[in-house]
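First the structure, in the form of structure tokens, and then the observations on it.
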Amino acid sequence: MDPVRVRFAPSPTGHLHLGSARTALYDYLIARKTGGQFILRIEDTDRKRLVEGAEEEIYKGLRWLGLDWDEGPDIGGPFGPYRQSERKEIYQQYARELIENNHAYYCFCSPERLNDVRLEKQKRKELAVYDGTCRRLTLKEALGRVAAGEKHVVRFKTPKSGTTTMTDLLRGNITVENRMLDDYIIVKSDGLALYHLAATVDDHLMKITHVIRSSEWLPTAPLHCLIHRAFGWQEPVWVHLSVFLKPSGKGKMSKRDAAELIKDGHSIFIKELETLGYLSEAVLNWVALMGWSYDDHTEFFTKEELVKKFSLERLNPSPAAINFQKFDYFNANYIRMLGDVELANMIKPFFDSVGIKADLPTLIKIAPIIKERLTTLDDAIEMAGLFFKPFPDLSPEVLLGKDMSREESRSVIQATISIFSDLPELSKDLSETKMRETVEALGFSAGQVFGILRMAITGQKVSPPLFESIEIIGKKVVMERLEKAQKLLQVE
RNA sequence: GCCCCCAUGGUCUAGCGGUUAGGACACGGCCCUUUCAAGGCCAUAACAGGAGUUCGAGUCUCCUUGGGGGCACCA
């Protein structure tokens, strides 16, 4: 495949989410695979909807995901500027060209009148498109009114008859009747272009070969083709990706749904995923497989493998419900692939954030025993907090072994104390070997004995493996805890 | 309402005219086991419906149904 030039063109009006991340990923993959360019373009022509910090969030999110771009607002490039708000004059120039070639016209109708027209048409169950009042004006007349300072927009002159056929890579030919297409506004009264014009002009000027975007754009794609053709430009290859549906499969994710998700420790926003304890590798792998597949069984891919194996032809056009269980599965697996030092460094910030002082050397020792027990990194707090937090006050009841009396339980602890005190150190192997021998002699089951010890030593009913934990906690503290538990069980 | 798109288990998907319809997640059971996990084994579960085309249709065509998306001086 020839090198492609693709662009990821988000608008800084909200958070970077999973859907955009996937689009960006596919852009990145096909660019890297073909040795082409991945371009970042900020579509900020709507000044009213701008959200402070949103552009920065896009950069951060893409960087976290490891999707580096070749041209963009921050790094420049041969086709800049890459922020549409800085390209106002370019769009106006092209709008003028369209007007001169009779493919666009000035419109002086007020928003109020437009709204009335729309409502009226809807009431009569007609197509709610512009009624064409200003389309009938002569160019001379319109120019006069513009010169007189009258407020105006520019509309694209869509053909009123015939059909327009475009080709989408995943869906084949799509034909629409031109009368269904509106005379869309392409330049607002503030002089800034709307998406339809801005994106079309930029895609051409930036030599974009493949437009990969959400299928929400499908209904207006014929319009974009028409604009390309009006200029006499060659169209890019159109690739409309399926949309992501909420987990229930009932519709797109709404603000409300997103807020609900957080309660389960999930999110569709990239910036939250990191603090929730997800790995960017897992995000990439998971999201890549929602709408794309390689074969009937491979499902773990590094970014490098994705670059090698990705192809537009294997994209799936049908909408996909987001499945967070699968995401967790991927994340748990990617955590397990981490090295001990790497994992320790990654969970450290989570302890810091809740005010638990966890030192790196200990975390490195803990890493191997909690690794396969974590779904997300923040699970480490619950899993390994016991190694750093003060020991809890226990009641005698929780120290009782299953079906065992108080005295029996106490004797188990007593026996352990005498065995442990003879050992130079409580290494995992040594303590476990000794205790396994003892279990039989004591006449209780391993479950009973180790259950008591787990509670006495870790202070928890559920913990990482007992003897590994003992080694990490260290002989001194272990002995103290055993003594304390033994006293607690003495009948008063 | 109108236009466009989509349609294999609960979910993500493989399948590109001839398969016992494959994999994964989730769910259930069993094994392993000092808890929790992990792992191993097993089970349940799908071609939306109807017409065609064809010797033969999950695969091609049409209709119906269902779902999704779009109908702004938003993107």
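Chain identifiers are assigned alphabetically (A, B, ...) following the order of the sequence lines, protein sequences preceding nucleic acid strands; residue numbering begins at 1 within each chain. Treat the numbers as computed from the prediction; the structure is a model and nothing was measured.
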* Which residues pass the ring-ring contact (aromatic ring centres under 6.0 Å, His included) test with A/W292, sequence neighbours left out? -> A/F301, A/F310
* Considering only heavy atoms, which members of residues 310-321 of chain A lie under 4.0 Å from some atom of RNA chain B? -> A/R314, A/N316, A/P317, A/S318, A/P319, A/A320, A/A321
* **P atoms of B/rA48 and B/rA43, separation to the nearest Å** => 25 Å
* Contacts of A/F156 that satisfy ring-ring contact (aromatic ring centres under 6.0 Å, His included) - sequence neighbours left out -> none
* Give the rounded distance in Å between these two atoms: CZ of A/F244 and P of B/rG69. => 14 Å
* Could you identify which residues of residues 169-177 of chain A place a heavy atom less than 4.0 Å from some atom of RNA chain B, listed by residue number, or say none? => A/R171, A/I174, A/V176
* Asked: Taking the side chain of A/Q325 as its heavy atoms from C-beta onward, which of B/rG10, B/rA26, B/rU35 lies nearest to it?
  -> B/rA26
* Residues in ring-ring contact (aromatic ring centres under 6.0 Å, His included) with A/Y184, at least two apart? -> A/H196
Taking N or O atoms only and anything under 3.5 Å, show me the protein contacts with nucleotides 21-23 of chain B, one pair per line.
{"from": "B/rG22", "atom 1": "N2", "to": "A/D296", "atom 2": "O", "distance (Å)": "3.3"}

* Structure fact -> Protein heavy-atom contacts under 4.0 Å, written 5' to 3' over nucleotides 70-75 of chain B as B (base), S (sugar-phosphate only) or - (none), form the string S-SBBB
* Please name all residues satisfying salt bridge (charged side-chain N to carboxylate O under 4.0 Å, His left out) with A/D168, sequence neighbours left out, ordered by chain then number. => A/R171
* For A/R83, side chain to side chain donor-acceptor pair (under 3.5 Å) partners two or more places apart -> A/E55, A/E86
Please tabulate the protein-to-nucleotide N/O contacts below 3.5 Å involving nucleotides 41-43 of chain B, giving atom names and distances.
none

* Reckon A/S463 has a side-chain N or O less than 4.0 Å from the OP1 or OP2 of B/rU35? -> no
* **Atom pair distance, as rounded to whole Å: CZ in A/R179 and C1' in B/rC4** => 14 Å
* Asked: For A/H15, what residues pass the side chain to side chain donor-acceptor pair (under 3.5 Å) criterion, not counting sequence neighbours?
  -> A/E57
* Asked: What nucleotide among B/rC3, B/rC36, B/rU13 has an atom nearest to a side-chain atom of A/R373?
  -> B/rC36
* **Sequence-distant partners of A/Y334, ring-ring contact (aromatic ring centres under 6.0 Å, His included), two or more places apart** => A/F300
